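What you are looking at is a predicted structure, and each value in this text was computed from that prediction instead of being measured.
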Amino acid sequence: MQRKGTTPATFDLFADEAPQPPAVEQIGPQSYVFRGFALPFIERVLPALESVLSQAPFRHMVTPGGHTMSVALSSCGSFGWTTDRSGYQYTPTNPQTGEPWPALPEVFRELAIAAAEMAGFVDFIPDACLINRYIPGAKMTLHQDKDERGYQWPVVSVSLGLPAMFLFGGHQRSDKTQRVPLFHGDVVVWGGVDRLRFHGVMPVREGSHPQLGEQRINFTFRKAR
Ligand code: SIN
Ligand code: FE2
């Protein structure tokens with residue numbers, strides 16, 4: 001819209017846009033949200049994801065406590081994360097197929113390494129990527145990611161599809177949590193002194209995403225072994 005008079009052009013350029021959140025938000029001493037960081041990778045990520053899922057379909061796993069998770073899971077990389085009545089573990093093969101997990105697609109690796117570097121973690125080479133699917137109503141209760149062998153490497157989390165409210169807590173389950181809304185393309189990195197902080201996801205709300213439909217997909221990249 002062009003206005004008459006002396007209004008600066010920049011005013012008109014941005015007048016109709018909602019205020020944008022900052023591109024980087026620090027949520028802990030060594031934790032960051034990079035808004036939209038995954039978007040330039042999306043055109044390569046989606047077909048790679050489809051290929052991974054055709055080899056290792058999502059399934060709902062049962063926790064050692066006997067609960068069926070509302071989130072459906074798959075994995076790719078050298079190790080995949082599984083849970084059953086006997087416990088949580090990383091395995092080189094998919095117990096459902098007996099086959100090795102699908103290889104980590106090159107674009108996944110690039111994205112994870114670039115985000116880790118932005119957060120100050122150079123030389124991060126992920127060997128495991130957990131893929132979570134949340135349909136509306138699915139959630140993840142507060143937990144720590146502690147099944148990995150070394151905690152010197154960060155966790156890199158990529159959000160796609162429907163938005164969700166990420167909860168970022170402290171080192172005790174009972175610590176106060178920050179609420180961090182995550183949108184399609186956002187990447188969160190936590191590591192170093194923040195590596196073992198409790199975190200979770202509130203129930204995903206009904207909705208439909210133009211590219212991913214009625215779901216939220218989350219990748220978490222880790223160095224498992
Ligand atoms: C997780 O903690 O493994 C998943 C986090 C998320 O879905 O954002
Ligand atoms: Fe986690």
Colleague: Do P126 and I113 have side chains that get closer than 4.5 Å, going by heavy atoms?
Modeller: yes

Colleague: With the threshold set at 4.0 Å, does a side-chain nitrogen-carboxylate oxygen contact exist between R44 and E106?
Modeller: no

Colleague: Using side-chain contact (heavy atoms from CB on, under 4.5 Å), reason through T220 and L130 one step at a time and then give a plain yes or no.
Modeller: CA-CA 5 Å; T220 45; L130 278 62; 3.6 Å; yes

Colleague: Please determine whether a side-chain nitrogen of the Lys or Arg among E25 and R35 lies less than 4.0 Å from a carboxylate oxygen of the Asp or Glu.
Modeller: yes

Colleague: If we only count heavy atoms from C-beta on, is the E110 to F41 side-chain gap below 4.5 Å?
Modeller: yes

Colleague: Is R59 reaching over with its side chain to a backbone N or O of A72, donor-acceptor style, under 3.5 angstrom?
Modeller: no

Colleague: Taking only residues two or more places apart in sequence or in another chain, which ones pass side chain to side chain donor-acceptor pair (under 3.5 Å) with Q211?
Modeller: H184

Colleague: Kindly indicate whether the side chain of V158, heavy atoms from C-beta on, has any atom under 4.5 Å from the side chain of L111.
Modeller: yes

Colleague: Report, as yes or no, whether the 6.0 Å neighbourhood of atom CD1 on I135 holds more than 12 heavy atoms from other residues, nucleotides or ligands.
Modeller: no

Colleague: Nearest 0.5 angstrom please: F198 CZ to K146 NZ, how far?
Modeller: 6.5 Å

Colleague: Near H67 NE2, under 6.0 Å, is it more than 12 heavy atoms from other residues, nucleotides or ligands?
Modeller: no

Colleague: From E50 CD over to Q55 CD, what is the distance, rounded to the nearest 0.5 angstrom?
Modeller: 12.0 Å

Colleague: In terms of hydrophobic clusters joined by side-chain contacts under 4.5 Å, are L73 and V52 together?
Modeller: no

Colleague: Can you tell which of I131, N132, V71 makes a side chain to side chain contact (heavy atoms under 4.5 Å, CB included) with F58?
Modeller: I131

Colleague: Between E148 and K223, is the side-chain contact (heavy atoms from CB on, under 4.5 Å) condition met? List the steps.
Modeller: CA-CA 7 Å; E148 298 73 28; K223 177 95 176 86; over 6 Å; no

Colleague: Output all residues satisfying side chain to side chain donor-acceptor pair (under 3.5 Å) with S159, sequence neighbours left out; order by chain, then residue number.
Modeller: R216

Colleague: Please examine the side chains of L162 and L212, heavy atoms only from C-beta on, and report whether any two atoms are closer than 4.5 Å.
Modeller: no

Colleague: How far does CG of L49 sit from OG of S74, to the nearest 0.5 angstrom?
Modeller: 8.5 Å

Colleague: Do M202 and K139 come close enough that some side-chain heavy atom pair is under 4.5 Å?
Modeller: no

Colleague: Heavy atoms, side chains only, cut-off 4.5 Å: are V156 and V187 in contact?
Modeller: yes

Colleague: Q144 side chain to L196 main-chain N or O, any donor-acceptor pair under 3.5 Å?
Modeller: yes

Colleague: Report yes if the side chains of N94 and S75 come closer than 4.5 Å at any heavy-atom pair, otherwise no.
Modeller: no

Colleague: Ignoring hydrogens and angles, tell me if any N or O in the side chain of Q26 forms a donor-acceptor pair with the backbone of G28 under 3.5 Å.
Modeller: yes

Colleague: Tell me, with the steps shown, if S78 and D127 meet side chain to side chain donor-acceptor pair (under 3.5 Å).
Modeller: CA-CA 5 Å; S78 303; D127 61 5; 5.8 Å; no

Colleague: If you round to the nearest 0.5 Å, how far is CG of L46 from CG of L160?
Modeller: 6.5 Å

Colleague: Is it the case that over 12 heavy atoms from other parts of the model lie below 6.0 angstrom from the CZ atom of R225?
Modeller: yes

Colleague: Going from CE on M61 to OG1 on T82, what distance comes out if it is rounded to the nearest 0.5 angstrom?
Modeller: 6.0 Å

Colleague: Quick check, are the ring centers of W190 and F121 under 6.0 angstrom apart?
Modeller: no

Colleague: In the single-linkage hydrophobic clustering (I, L, V, M, F, W, Y; side-chain heavy atoms under 4.5 Å), do V201 and V180 co-cluster?
Modeller: yes

Colleague: Could you see if M140 belongs to whatever hydrophobic cluster contains V189? Use Ile, Leu, Val, Met, Phe, Trp, Tyr and a side-chain cutoff under 4.5 Å.
Modeller: no

Colleague: How long is the straight-line distance from CG of L167 back to CZ of R179, given to the nearest 0.5 Å?
Modeller: 6.5 Å

Colleague: Please verify the inter-ring angle class for F221 with F219; under 30° counts as parallel, over 60° as perpendicular, anything in between as tilted.
Modeller: perpendicular

Colleague: Test side-chain contact (heavy atoms from CB on, under 4.5 Å) on H199 and F166 and set out the steps.
Modeller: CA-CA 7 Å; H199 57 279; F166 181 65; 3.7 Å; yes

Colleague: Between the main-chain N or O of P95 and the side-chain N or O of T93, is there a donor-acceptor pair closer than 3.5 Å?
Modeller: no

Colleague: Does any part of the side chain of F79, heavy atoms only, come nearer than 4.5 Å to the side chain of R222, both counted from C-beta?
Modeller: no

Colleague: Show, in sequence, the C-alpha distance, side-chain angles and deciding distance for W81 and Y88, and conclude whether the ring-ring contact (aromatic ring centres under 6.0 Å, His included) test is met.
Modeller: CA-CA 7 Å; W81 186 87; Y88 306 106; 5.3 Å; yes

Colleague: Applying a strict under-4.5 Å side-chain criterion to I, L, V, M, F, W and Y, I'd like to know whether V24 and V33 cluster together.
Modeller: no

